[in-house]
Amino acid sequence: MTSKNNKQVNPEDFSLAVGGPLYRLCLLVGLLKKPLLLYKRRIIFISLLAWLPLFLLAAFGGVAFGGVKVPFIYDIDVHVRFIIALSLLIYAEVIAHDRIHVVVEQFLKTNIISANDRQKFQHIIASAVRLRDSVVAEIVLIVLVYTVGHWISREYLTLDVSNWYLSKINGVNELTPAGYWYVFISLPIFRFILLRWYFRILVWYRFLWQISRLSLQLNSLHPDRAGGLGFLTNSLYAFGPFLLAHTVLLTGMIFNRIWNTGATLLDFKSEIFGVIVFLILIPLVPMLFFMFILAKEKRSGTLKYDVVANHYVNDFRQKWINHKTTKNGERLLGTTDIQSLADLSNSFQVTIQMRITPFGRQSIMALICLVVLPLLPLALTMIPLDKIINQIVTLLF
């Protein structure tokens, strides 16, 4: 009888998004049906839980539309964070679930996992699932949310002007009623879901690291130019909404400071560059775990194929150039030897051009375009509004 801790998990059932205490809670209260149905209901409920009380409390406190330099309605960061970015983080679970299990299943379908390592592969999957479902891990995340997360928000994300969530009393900043909900409910909800995503990504890192330690059956002649691991690039796009949530959030924060504090876009060039590089590396880094075995297969495959190629071209030269093995009357025109020589050259090029990473430049460019896209509207802040209007009028009329 198989114990609960050693329960086998089929590769097609593996998921980074399904499982864990929060998942079970959503099942219990009707916000979710297996595997990840009702995501629209979760988006609406969780986003409203974070955003709507802020609006109502700010309205009752007289700071929703005025009364301070930055009333609630003008705090762009809050609306972007709790309506758009939070929605993307929740929806990201659906995309990751649909794509990741297909990638994991492909290890077996392509026979990259040898028969001798199938049992190890199953143990690696089961270990990843146990870590994903860890109650302790999510408790630690909650602690981090209310400690480190609270300190970061207080030190680096607080607006330096009078606003809807902080009021100055006798020279000391005090939270408004809306501010209490913001600091102790809304921000923790967002931070927890964000940190939970980072934890799941660490589970994915650990999973791929363990897979890269197995004796994988790679082939330098594989047309994907990645020894047969090219299918791993599909996992890059599994994290698309997660990455978008970050740049949407960054856009909201920057626009908020440009709009409310008089900052300029150039003030944030270092932050923008750093975030873009960081986000691109998130899905690419675990692909680098396979660099050494891919490089080894490329070297080995090139040497082995070089031997085969040498034998063939020597025989070809002996037959058609030196005429030492050509049969009497055999004609060059119409022979398949020429086509075989061309095919040999094409196959050798596949080995020579084999990458030492599963991804190529095209995948990197796609990721760059994805993460940069939400930041493009910020460029409009560099152009005066009257010039924008004049350009629009000129184009239309």
Side-chain angles (χ1 to χ4, degrees), residues 7-18 35 94-129 131-132 200-201 203-240 282-306 308 343-344 346-364 366-367:
K7 183 180 177 181
Q8 294 275 315
V9 179
N10 294 324
E12 61 269 20
D13 296 329
F14 178 81
S15 174
L16 289 176
V18 173
V94 179
I95 302 301
H97 173 74
D98 289 342
R99 287 182 176 267
I100 292 296
H101 78 85
V102 175
V103 171
V104 173
E105 190 178 7
Q106 199 73 359
F107 278 108
L108 294 179
K109 286 184 175 180
T110 56
N111 290 322
I112 284 180
I113 304 295
S114 66
N116 294 333
D117 282 339
R118 294 294 174 100
Q119 194 64 35
K120 290 181 181 178
F121 184 69
Q122 290 288 349
H123 288 325
I124 290 172
I125 291 177
S127 175
V129 168
L131 182 59
R132 178 202 68 190
R200 298 298 172 94
I201 288 174
V203 172
W204 178 240
Y205 276 33
R206 177 177 176 267
F207 172 79
L208 289 183
W209 170 257
Q210 292 176 322
I211 295 297
S212 71
R213 301 300 95 191
L214 299 178
S215 300
L216 303 180
Q217 299 185 133
L218 305 181
N219 192 332
S220 61
L221 289 173
H222 199 288
D224 67 1
R225 270 35 177 212
L229 289 176
F231 65 87
L232 280 174
T233 57
N234 291 324
S235 68
L236 302 179
Y237 311 112
F239 302 106
I282 286 176
L284 291 182
V285 164
M287 305 291 106
L288 302 181
F289 298 158
F290 298 90
M291 281 182 60
F292 295 109
I293 56 174
L294 283 170
K296 181 180 179 181
E297 176 60 27
K298 181 176 182 177
R299 289 193 303 270
S300 174
T302 302
L303 291 173
K304 291 176 181 178
Y305 205 70
D306 185 56
V308 174
D343 292 340
L344 179 74
N346 291 335
S347 299
F348 195 62
Q349 285 301 310
V350 171
T351 305
I352 293 295
Q353 295 171 5
M354 177 182 168
R355 301 187 301 271
I356 62 171
T357 60
F359 59 87
R361 284 177 293 181
Q362 185 176 0
S363 298
I364 297 175
L367 282 175

### Query
Given the rule in the side chain to side chain contact (heavy atoms under 4.5 Å, CB included) test, do V104 and W204 qualify, once you have shown the distances and angles that lead to the verdict?
CA-CA 11 Å; V104 173; W204 178 240; 4.0 Å; yes

### Task
For side chain to side chain contact (heavy atoms under 4.5 Å, CB included), just list the numbers for T357 and L229, CA-CA rounded to whole Å, side-chain angles, deciding distance to a tenth of an Å, and then say yes or no.
CA-CA 9 Å; T357 60; L229 289 176; over 6 Å; no

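Interatomic distance, CG of L208 versus CG of L232, reported as 6.5 Å (0.5 Å rounding). Atom CG of residue L221 and atom NZ of residue K304 lie 10.5 Å apart, to the nearest 0.5 angstrom. Once rounded to the nearest 0.5 Å, the distance linking CZ of F121 with CD1 of I211 reads 4.5 Å.
Of all heavy-atom pairs spanning G228 and I112, the tightest one is O-CD1, 3.2 Å. The nearest pair of heavy atoms linking V18 to R200 is N-NH1, 4.3 Å. Across G227 and H222, no two heavy atoms sit closer than the pair C-CB, 3.9 Å. Across every non-hydrogen atom of I100 and A238, the tightest pair is CD1-CB, 3.8 Å.
Screening residues 212-229 for salt bridge (Lys or Arg N to Asp or Glu O under 4.0 Å), with sequence neighbours left out, gives no hits.
For A128, the side-chain contact (heavy atoms from CB on, under 4.5 Å) partners two or more places apart in sequence, or in a different chain, are F14, V203, F207. Residues that satisfy the side-chain hydrogen bond (donor to acceptor under 3.5 Å, both in side chains) test with S127, not counting sequence neighbours, are R206. Take N111 and apply the side-chain hydrogen bond (donor to acceptor under 3.5 Å, both in side chains) test, not counting sequence neighbours, and it matches R118. By the side-chain hydrogen bond (donor to acceptor under 3.5 Å, both in side chains) test, T110 pairs with no residue at all, sequence neighbours left out.
No side-chain donor-acceptor contact under 3.5 Å links H101 and S15.
A donor-acceptor pair is defined here as one N or O able to donate and one able to accept, closer than 3.5 Å; such a pair exists between the side chain of Y205 and the backbone of I282. The backbone N or O of A17 sits nowhere less than 3.5 Å from a side-chain atom of R132 that would complete a donor-acceptor pair. When atom types are taken as modelled, the side chain of D117 and the backbone of S215 share a donor-acceptor pair closer than 3.5 angstrom.
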Residues 286-303 side chain polar contacts: donor-acceptor under 3.5 Å, at least two apart:
{"residue": "E297", "atom": "OE2", "partner": "S220", "partner atom": "N", "Å": "3.1"}
{"residue": "K298", "atom": "NZ", "partner": "I352", "partner atom": "O", "Å": "3.1"}
{"residue": "K298", "atom": "NZ", "partner": "M354", "partner atom": "O", "Å": "3.0"}
{"residue": "T302", "atom": "OG1", "partner": "K298", "partner atom": "O", "Å": "2.6"}

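In this structure, F359 and P283 have side chains that are not in contact, with every pair of non-hydrogen atoms separated by 4.5 Å or more. Put simply, the side chain of S235 does not reach to within 4.5 Å of the side chain of R99, judged on heavy atoms.
Under the side chain to side chain contact (heavy atoms under 4.5 Å, CB included) test applied with F239, the options L367, L16, I95 reduce to a single match, L16.
Heavy atoms from other residues, nucleotides or ligands lying under 6.0 Å from CD of Q353 number more than 12.
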